[in-house]
Amino acid sequence: MQNMPVQIMSYVAPSRSPIGVRRAYGAVVCGLEITGGVLLAYTNGAMFALVSTAFLSVALWTLTRAFRKEEARAVVLAFGACICVGGLCQMYSLFVFGRVQTTIDAQTFFDLSRDGSLSMVALQELTGKINAPLAVAIWRVVYWAADGLGFPSGPWLGVLVNALCVAGAAGVGVSAVRQVFGDDRKRLIRAGSMFAATGMYWLFGALFLRDCFLLLLTALVMRVCLENLRSPRFWNTARLAAVVAGTQICFSYLRGESSFFTYLILAALILCHLLGRGVARAVLVCVSGCLLVAGLKFGAFSELTVLTAAAVHRTGSYYAGLSAIESGNGLGYSLIVSQPLYIRSIAGSASILLSPIPLWQGFRVGAWEYDWIKSYHGFFMAAIMPFVAFGALETVKRVWNRGTHARQLLFLLLVAVAGLVAVAVTSLETRHFGPFLPFLLILSLAYNPRRLSNRRTLANVAVAWGLVVVAVHVSWFILKAQ
C-alpha cells in the first residue's frame, strides 16, 4: 500500500489583545476619566461635573460597541485624555491665578456662551461680535439645556462638549487610517494612541476653544476624501459632495479664514485622481475642476485675497508688538514676518512644525495653561517629525513607482503642505494648523518597522532632524544673547 502524504494543519490564533493588555487599557481610560471628572468637579464647585463625566463615559463605552474595535478605543481614549488634561489645566489655573481659566479666547467664548439667548436676533448679533457664531450657538444650546435640567453652569460643561468633538475626530481619524492601510491592526492601534497623545488635540478638547469643531469637520472631510480616492463610486462621490458642502458652510461660521479649505480639497482631489484610470475618475476630475474654476471666478478668489491680506496685517501687528515687549529682540518678527512672502512661507512653515522656541518655554510656573500644552505639543511634534518626513519620502517613491496607496498618501501630503503654507503666510499661529494635523499624523504611519531598509532610512532622517533641532536652539541662544 502506497504511503499517502500527510498534510499538517496549523492553527493560527486570531489577532486579539491579551486579556491583561485589554484590562490595563480599560484601567488607564477609566483612571483618566475619573481623574478629570474629580478635578473638574473640584475646580468648578459642581458635583454634577463628575456625574456628567461618568455618564458620558458610560454612554461612549456603550455606543462605541457598535463601531469597530480600534475606532471605539480611539474615541474613549481621546475623551479620557482631554477630560484629564482639562481638569489638570483648570486646577493649575485656579491655584496659580485664582480663576478656572486664563486663556483670553477661552474666557471670551465662555462669557458669550453663558450670557445670551437662543433667539434669532441674539444669534445674528453674534456675527458682528465674533467670527465664530456657530460654535457659540452650539455652546449656548448646551448651557440652555443644562439650566433647564438644573445643572450648575461653568467652564466644565463646555470642556465636556469640546472633549466629545475631539474624541469623535480621533475615531474618524482611525477610520481614515483604515481607508489608507486597510485592516492593519497594529497601525490602527498606534493611530488611536497617537491621536489621544497629540498636544493640539488636548488644547482643543481641554480648553474652551472653537477649534474642536474645526478639527472634527476636517477629519470628516479627510475620511470621505480618502474613501473616494480608494473607490470613486457614485455613492462615495455623493457622500463626499454632501460632506464638503456642509463643511464649507460651517467653516464660514467658525473661522472665516478657513473658507479656502474646500478649494484646497478639490485641487488635491483632482491631482490625485489624475494618477488613476477609469471613467468614474475622469468624470470626477472634470466636475471637480469645473467647480473649482467656478468658485474661484465668481468672487471666492477675491474674498480669500481680502481675508489673507487681513490675516497678514494682523500677524505683522502682533509680532511688531511682541518685538517691542521682548526687550527689543523681536526674533519672530525680524526672521519671519518681515521677510518676503516666499521666504516667509518656508520659514513660517518650519516655525509652525518646531514651535515654540525653545521647546520648554511654556514649562514654567506662571505660564498660562495654553502655553503648557503648546510646549508639550512642541516636544510631541519634534518626536514624530522623522516619521512624517519618512512618510513624505515614501509617498514620493510610491507615486513614482505607482505603488499601493499612492493616491491616498499623495492627498494627505498635498493637503498638509498646502495647509501649512496657508497658515504660515496668514496667522502664523500653531493652533490654526491644528485641524490639518490628522493629515500629518496619518502620513507618519507609512513607516513599516518590519523592513530593514525602512529602519535605516528612519534612523538617517532622525539624525538629520535632531541636528536641525539642536542648531535652531543654539541659534536662538546666540541671537537672544546679543
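The minimum heavy-atom distance between L77 and S193, with the atom names listed, is CD2-CA, 4.1 Å. Between G173 and I442, the closest heavy-atom pair is O-CD1, 3.9 Å. The two atoms that bring A74 and G192 nearest to each other are CB-CA, 3.8 Å, heavy atoms only. Taking every heavy atom of both residues into account, F195 and V174 meet most closely at CE1-N, 3.6 Å. Contact between A416 and L440 at its shortest, heavy atoms only, is CB-CD2, 3.8 Å. Between F208 and S113, the shortest heavy-atom contact is CE2-OG, 3.9 Å.
Within a 6.0 Å radius of OH in Y42, other residues, nucleotides and ligands contribute 12 heavy atoms or fewer. Taking a 6.0 Å sphere around CD1 of I104, one finds it holds 12 or fewer heavy atoms contributed by other residues, nucleotides or ligands. Atom CZ of F379 is surrounded by more than 12 heavy atoms from other residues, nucleotides or ligands within 6.0 Å.
Looking at heavy atoms from C-beta onward, E70 lies in side-chain contact with R185 at the 4.5 angstrom threshold. Residues L437 and T198 have side chains in contact (heavy-atom distance under 4.5 Å, counting atoms from C-beta outward). Between L88 and C84, the closest side-chain pair of non-hydrogen atoms falls below 4.5 Å. Residues F213 and C250 have side chains not in contact (no heavy-atom distance under 4.5 Å, counting atoms from C-beta outward). F204 is not listed as a side-chain neighbour of L216, based on a closest heavy-atom distance of 4.5 Å or more. Looking at L420 and S345, their side chains never come closer than 4.5 Å, going by heavy atoms from C-beta outward. A 4.5 Å side-chain heavy-atom check between I357 and S351 finds every atom pair outside the cut-off. R239 places a side-chain heavy atom less than 4.5 Å from the side chain of V224.
The side chain to side chain contact (heavy atoms under 4.5 Å, CB included) with L409 is formed by just one residue from the set V396, L414, V180; it is V180. Just one residue in the list D105, T103, D111 forms a side-chain hydrogen bond (donor to acceptor under 3.5 Å, both in side chains) with Q107, and that residue is D111.
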Open item on the list: Using the rule given for side-chain contact (heavy atoms from CB on, under 4.5 Å), can you reason through L60 versus L164, listing the C-alpha separation, both sets of side-chain angles and the distance that settles it, and then say yes or no?
Closed with: CA-CA 9 Å; L60 284 178; L164 286 175; 4.0 Å; yes
Task: Stepwise side-chain contact (heavy atoms from CB on, under 4.5 Å) test for S175 and R68 - done: CA-CA 9 Å; S175 180; R68 294 196 175 186; over 6 Å; no
TODO: Evaluate the criterion side-chain contact (heavy atoms from CB on, under 4.5 Å) for residue pair L188 and R73; output intermediate values, then yes/no.
DONE: CA-CA 10 Å; L188 295 173; R73 287 180 175 179; over 6 Å; no
Task: V244 and Q248: CA distance, side-chain angles, deciding distance, side-chain contact (heavy atoms from CB on, under 4.5 Å) verdict - done: CA-CA 6 Å; V244 171; Q248 175 66 8; 5.5 Å; no
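Checking side-chain atoms of S52 against main-chain N and O of F48 turns up a donor-acceptor pair under 3.5 Å. Side chain of T102 to backbone of S93: no donor-acceptor contact under 3.5 angstrom is found. Of the possible donor and acceptor atoms, none in the side chain of S375 sits under 3.5 Å from a partner among the backbone N and O of W372. For the pair R230 (side chain) and Q408 (backbone), a donor-acceptor distance under 3.5 Å is absent. The closest donor-acceptor contact from the side chain of T43 to the backbone of L40 lies under 3.5 Å. A side-chain donor-acceptor contact under 3.5 Å links H473 to the backbone of V469.
By the 30° and 60° cut-offs, the orientation of the rings of F436 relative to F439 is tilted. Aromatic ring orientation, F181 versus H405: perpendicular (interplanar angle above 60°, classes split at 30° and 60°). Ring orientation note: the planes of Y376 and W202 are close to parallel, at an angle under 30° on the 30°/60° scale. Ring orientation note: the planes of Y447 and F390 are nearly perpendicular, at an angle over 60° on the 30°/60° scale.
The structure places CG of L94 at 11.0 Å from CG of L39, a figure rounded to the nearest 0.5 Å. A distance of 11.0 Å separates OG1 in T35 from CE in M91, rounded to the nearest 0.5 Å. Atom CG of L445 sits about 9.0 Å away from atom CD1 of I384, to the nearest 0.5 Å. Atoms OG and CG, on S57 and L160 in that order, are 9.0 Å from each other to the nearest 0.5 Å. The CE atom of M200 lies 8.5 Å from the CE atom of M381; values are rounded to the nearest 0.5 Å. One finds the CG atom of L157 at 9.0 Å from the CZ atom of F110 (value rounded to the nearest 0.5 Å).
Salt-bridge formation is not detected for the pair K374/E369: no Lys NZ or Arg NE/NH1/NH2 atom is positioned less than 4.0 Å from an Asp or Glu carboxylate oxygen. Using a 4.0 Å cut-off between charged side-chain N and carboxylate O, D147 and R140 make no salt bridge.
Using a 3.5 Å distance cut-off with no hydrogens or angles, the side chains of N44 and Q90 do pair a donor with an acceptor.
By the side-chain hydrogen bond (donor to acceptor under 3.5 Å, both in side chains) test, W139 is found to be paired with N162, residues two or more places apart in sequence or in another chain being considered.
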